[in-house]
Amino acid sequence: MSGFKSDLMQVLSERGFIHQASDAAGLDDLAANGPVTAYIGFDCTAPSLHVGSLVQIMTLRWLQKTGHRPITLMGGGTTRVGDPSGKDESRQLLSYEQIEANKLSLRSVFAKFLVYDSGPTGALMIDNADWLGSLNYIDFLRDVGRHFSVNRMLAMDSVKLRLDRDHELSFLEFNYMVLQAYDFVELHRRTGCVLQMGGSDQWGNIVNGIDLGRRMGTAQLYAVTTPLITTASGAKMGKTAQGAVWLNAEMKSAYEYWQFWRNTEDADVRRFLALFTELPMPEVERLAGLGGAEINEAKKILATEATALLHGRTAADDAAETARRTFEEGTLGDALPTIAISLAALDAGVGVLGLFVEAGLVASNSEARRQVRGGGLRVNDTPLADEKATVSAADLVDGTIKLSLGRKKHVLVRVG
């Protein structure tokens, strides 16, 4: 038992989300007596988050599921500066157009995990460019900057580690922690937000926000950080030999995502089931207790449940079935019908609807279009959404492109 009274703190504690808390007892009392508004900030440095950010997203999801209001704070303003935390060099500065495009792309991922509506626990998506973009520098220095001690800022890990390694820290980046602290105060003023959450590398920045709030007359603010996730073998979460495990479907298919979780190390099964699925904890403990070859069944459940949260239950079940047929029955590969296509044709780009007709999976382009509208066609296990899409050599996986109609009809396209 965690000893917490509120559902929020009980769930976060028993599932392994809490690394540090500024006042766990005080936050528990607050959460037990009504909805708490909390936020996590996400800078817009790429068009997708990767699975390393999933622990933060799941924290917000559990916050909402236990009766509280989450805010996804989009860093349209702070992305223009760059967070120095954990970095040895400055981030490349992005154009305003790149930042806006990335922000729009990230929204699609959050919508899979959170419910955005006008209810008391409806999630909010807010951009800190709304207030940072119009700040008057002199006024900001006078009203906010005067509350910060350069001595304390130089002692912060995000600054100290960079300086200890003799790596340059720009004045622009040095301001990041001031802006992040001000975000907390501004969100409190606008929404009543009292809790900021984030990875443990953000602890110093979040505590700065609490201190700034106290100095500027806000109500008591709180902090909770989550552990930074590495695998049992010490690898950074979300990094594989094939690159980052992205959360946007167009950058990582449901099947590839399922396979990532299926390949979890034995020692990580319990922790990942607790963090990245919504299975009840007694079921998590049962699955984690499986020994020998049975642990593979727990990994398949982990893969299917984690994939269902991001890609939907149907896509998760399809991925699990594809894996079963591929690795247990051996029915894919040589057992599948194939058609040949020249490399020159692939290099030029081939209309995918015509390819489905040639493969015999549909009788005509019009039938193919109907199947696309119904979600019935897949390319490399990814649902086909664009009737005008083409495939090229870049779509070859182990020398083939897999075309699928529904769950059971497949044809492989090979270069020949």
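Reckoned from all heavy atoms, side chains included, excluding hydrogens, waters and symmetry mates.
In this structure, a donor-acceptor pair under 3.5 Å is present between the side chains of N248 and S48. A donor and an acceptor atom, one from each side chain of T121 and Q64, are nowhere located under 3.5 Å apart. Judged purely by distance below 3.5 Å, without hydrogens or angles, the side chains of S13 and Q10 never pair a donor atom with an acceptor atom. Checked by atom type, the side-chain pair R69/T37 shows a donor-acceptor distance below 3.5 Å. Remark: the Q202 side chain and the N205 side chain contain an N/O donor-acceptor pair separated by less than 3.5 Å. T78 and D43 are linked by a side-chain donor-acceptor pair at a separation below 3.5 angstrom, with hydrogens and angles left out of the test. Judged purely by distance below 3.5 Å, without hydrogens or angles, the side chains of Q56 and T226 pair a donor atom with an acceptor atom.
Distance CG/L30 to NZ/K5: 10.5 Å, rounded to 0.5 Å. Distance check, rounded to the nearest 0.5 Å: CG of L195 to CG of D23 gives 11.0 Å. To the nearest 0.5 angstrom, I206 atom CD1 is 9.5 Å from S200 atom OG. For the atom pair OG of S105 and CE of M251, the computed distance is 7.5 Å after rounding to the nearest 0.5 Å. Here the straight-line distance linking atom CZ of F110 with atom CG of L49 works out to 5.0 Å at 0.5 Å rounding. The line from OG1 of T66 to CG of D7 is 6.5 Å long, rounded to the nearest 0.5 Å.
The distance between the ring centers of F140 and Y182 falls below 6.0 angstrom.
Closest approach of H68 to V36, counting heavy atoms only: ND1-N, 2.8 Å. Minimum heavy-atom separation, H19 to P227: CB-N, 3.5 Å. When every heavy atom of L361 is checked against every heavy atom of S404, the shortest pair comes out as CD1-N, 4.2 Å. Nearest approach of L247 to L310, heavy atoms of both residues: O-CD2, 3.5 Å. Between G122 and D117, the shortest heavy-atom contact is CA-OD1, 3.0 Å. Shortest non-hydrogen contact noted between R414 and L412 is NH2-CD1, 3.6 Å.
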Please output the side-chain donor-acceptor pairs of residues 284-293 that fall under 3.5 Å, not counting sequence neighbours, one pair per line with the distance.
residue: E285; atom: OE1; partner: R270; partner atom: NE; Å: 3.2
residue: E285; atom: OE2; partner: R270; partner atom: NE; Å: 3.1
residue: E285; atom: OE2; partner: R270; partner atom: NH2; Å: 2.7
residue: R286; atom: NE; partner: E283; partner atom: OE1; Å: 3.0
residue: R286; atom: NH2; partner: E283; partner atom: OE2; Å: 2.9

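Between W258 and Y255, the two ring planes are parallel [angle under 30°; tilted spans 30° to 60°]. Aromatic ring orientation, H50 versus W246: perpendicular (interplanar angle above 60°, classes split at 30° and 60°).
For the ring pair (Phe, Tyr, Trp, His ring centres under 6.0 Å) with F184, the qualifying choice from W131, Y222, Y39 is Y39, the only one to do so. When the options L124, T72, L63, V109 are evaluated for a side-chain contact (heavy atoms from CB on, under 4.5 Å) with L114, the one that passes is T72.
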Exercise for the section: Start with the C-alpha gap between K103 and E100, add the side-chain angles, then the distance that decides, and say whether side chain to side chain contact (heavy atoms under 4.5 Å, CB included) holds. Expected result: CA-CA 5 Å; K103 183 178 73 174; E100 187 64 23; 3.2 Å; yes
Handout entry: salt bridge (charged side-chain N to carboxylate O under 4.0 Å, His left out) between E305 and R313, intermediate numbers included
Key = CA-CA 8 Å; E305 294 300 314; R313 180 62 61 181; 3.0 Å; yes
Exercise for the section: Determine, stepwise, if the pair K299 / D266 fulfils salt bridge (charged side-chain N to carboxylate O under 4.0 Å, His left out). Expected result: CA-CA 8 Å; K299 293 179 184 181; D266 290 3; 2.5 Å; yes
Practice task
Apply side chain to side chain contact (heavy atoms under 4.5 Å, CB included) to V379 and L355, showing your working.
Solution key: CA-CA 11 Å; V379 178; L355 206 54; over 6 Å; no
Practice task
Check the pair I71 / C193 against side chain to side chain contact (heavy atoms under 4.5 Å, CB included), numbers first and verdict last.
Solution key: CA-CA 8 Å; I71 297 174; C193 178; 4.3 Å; yes
Practice task
Quick one: do L384 and F356 satisfy side chain to side chain contact (heavy atoms under 4.5 Å, CB included)? Show the steps, please.
Solution key: CA-CA 11 Å; L384 180 63; F356 271 94; 4.2 Å; yes
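With hydrogens and angles disregarded, a donor-acceptor distance shorter than 3.5 Å links the side chain of T218 to the backbone of G213. When atom types are taken as modelled, the side chain of N263 and the backbone of Q259 share a donor-acceptor pair closer than 3.5 angstrom. The closest donor-acceptor contact from the side chain of D386 to the backbone of K388 lies under 3.5 Å. At distances below 3.5 Å, at least one donor-acceptor pair connects side-chain atoms of S22 with backbone N or O atoms of A223. The closest donor-acceptor contact from the side chain of T79 to the backbone of C44 lies under 3.5 Å. Proximity of a side-chain donor or acceptor of N128 to a complementary backbone N or O of G77 within less than 3.5 Å is detected.
Proximity of V51 to W261: side-chain heavy atoms (C-beta onward) are separated by under 4.5 Å at one or more points. For the pair M58/L54, a side-chain contact is recorded, criterion being any heavy-atom separation below 4.5 Å from C-beta on. Side-chain contact between F276 and L309: absent, with no pair of heavy atoms (C-beta onward) separated by less than 4.5 Å. In this structure, V194 and H188 have side chains that are in contact, with non-hydrogen atoms separated by less than 4.5 Å. Between Q180 and N208 the shortest side-chain heavy-atom distance does not fall below 4.5 Å. At least one side-chain heavy atom of R271 sits under 4.5 Å from a side-chain heavy atom of I229. Between T277 and R15, the closest side-chain pair of non-hydrogen atoms falls below 4.5 Å. The shortest side-chain heavy-atom distance between I57 and L60 does not fall under the 4.5 Å cut-off.
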